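From a predicted model like this one, the values you see are computed outputs, not experimental measurements. Note that these values count all heavy atoms, side chains included, but never hydrogens, waters or copies made by symmetry. We number each residue from 1, following the sequence as shown.
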Amino acid sequence: MLILVLVGLAVGVTTVLFGFGGGFVTVPVILLVDATRGPDALRIAIATSALVMLVNSAVAASATRRSVLAHLRGRQRLFALLAAGGSTGGGAALFVPSVVPRWGFVAYIVVTVIDILLRPGFLRRRDADGSFTQSHPRRIPDSWGLPIGGIAAFLGVGGSVMTVPMMRRSGLDMGLATSLANPLTVAIAAPALVVASTFGSSVTSAPGMVGTVDVTSAIALLAGATLVIIPLRRRPPRVPDTLHAWAYLTLLVVAATTVAVTG
């Protein structure tokens, strides 16, 4: 458990710096912890990820400046569609063969990494002076809420791998894009967690489990994460924007590699 608490510290850092809510770290870690559960291990990892992401993202969002959260004002339809997608994806993850979300997770990240590397706007700035134009950034279309929520909950990743690149290409810097990813993750993770807790018992049952959620491991991860989320969100480290973007990309590669070689 001490190891999970220490890993939770890293989860907290990724929540603040990358908007992940912990999903990209939690899924590989829980996959290793529950590897003995066989085919159910990935379902448990995805459901447990929903709990970790929900708590971490909610804590991070609550500690975010109101002037930052104002960028999401009036986006009720986007939040509603994210939630609808979250419940649908979370339910689907319970009953498909584990190979589907496992390699879906890997493929999802590989496609994103290729897109980040090849298309301008994420690693390469658009403006000649090296700055972003943030006065009238393009918003994520409401209609994207359903597929983002569905894919994110199905794979246990929280949606930030879609929303952060979309917001960054719209003209936001990494700090703002990752901050806004946290409340969007809450909208996805909450219904996904309800579905996993309510219907997951028909898939697997064991001590320390609620549905397919490994509550014991989640508590250990959250114990470490919450120690760093609030202070880092209130006083975020000053990371150069380009370095921030490359670190985001690197973490995606590490997460995909871990899931691909585990089990």
Side-chain angles (χ1 to χ4, degrees), residues 4 11 20-58 79-109 111 144-163 184-222 255-256 258-263:
L4 285 177
V11 169
F20 289 159
F24 277 100
V25 179
T26 302
V27 170
V29 168
I30 298 300
L31 197 55
L32 291 170
V33 170
D34 290 304
T36 57
R37 300 184 190 272
D40 290 331
L42 189 61
R43 297 186 183 92
I44 294 170
I46 290 172
T48 305
S49 173
L51 174 56
V52 173
M53 288 189 298
L54 174 60
V55 175
N56 284 344
S57 296
F79 278 96
L81 289 173
L82 286 170
S87 60
T88 302
L94 293 175
F95 303 107
V96 299
S98 61
V99 67
V100 177
R102 178 189 299 275
W103 290 108
F105 184 103
V106 175
Y108 181 74
I109 300 178
V111 170
W144 278 88
L146 193 61
I148 289 174
I151 294 171
F154 184 73
L155 302 178
V157 296
S160 59
V161 75
M162 284 185 178
T163 58
L184 297 177
T185 295
V186 172
I188 298 169
L193 177 61
V194 170
V195 170
S197 301
T198 304
F199 301 105
S201 58
S202 62
V203 178
T204 183
S205 179
M209 303 284 297
V210 176
T212 49
V213 180
D214 184 346
V215 177
T216 302
S217 295
I219 290 174
L221 288 170
L222 290 169
T258 303
V259 171
V261 302
T262 302

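- Taking all atoms of both residues into account, the shortest heavy-atom contact from A153 to G86 is CB-O, 3.2 Å.
- Of all heavy-atom pairs between A190 and L54, the closest is CB-CD1, 3.9 Å.
- Proximity of F79 to L184: side-chain heavy atoms (C-beta onward) are separated by under 4.5 Å at one or more points.
- Between P191 and A83, the shortest heavy-atom contact is CG-O, 3.3 Å.
- Among all heavy-atom pairs drawn from A35 and A41, the shortest one is CA-CB, 4.3 Å.
- Of all heavy-atom pairs spanning G149 and I188, the tightest one is O-CG2, 3.7 Å.
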### Query
Does the pair L31 and R102 meet the rule for a side chain to side chain contact (heavy atoms under 4.5 Å, CB included), with working shown?
CA-CA 10 Å; L31 197 55; R102 178 189 299 275; 3.5 Å; yes
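- V213 places none of its side-chain heavy atoms less than 4.5 Å from the side chain of I44.
- Proximity of I46 to S49: side-chain heavy atoms (C-beta onward) are nowhere separated by under 4.5 Å.
- Expressed to the nearest 0.5 Å, how far CH2 of W144 lies from CE of M162 amounts to 6.5 Å.
- Residues P28 and A255 approach most closely at CG-O, 4.0 Å, considering heavy atoms.
- Put simply, the side chain of R43 gets close to the backbone of V96: a donor and an acceptor are under 3.5 Å apart.
- Using a 4.5 Å heavy-atom threshold, the side chains of I30 and L221 count as touching.
- Between atom OG of residue S87 and atom CG of residue L193 there is a gap of 12.5 Å, rounded to the nearest 0.5 Å.
- To the nearest 0.5 Å, the span separating CD1 on I148 from CG on L146 amounts to 10.0 Å.
- One finds the CG atom of L51 at 8.0 Å from the CD1 atom of I219 (value rounded to the nearest 0.5 Å).
- A donor-acceptor pair under 3.5 Å is formed between the side chain of T48 and the backbone N or O of D214.
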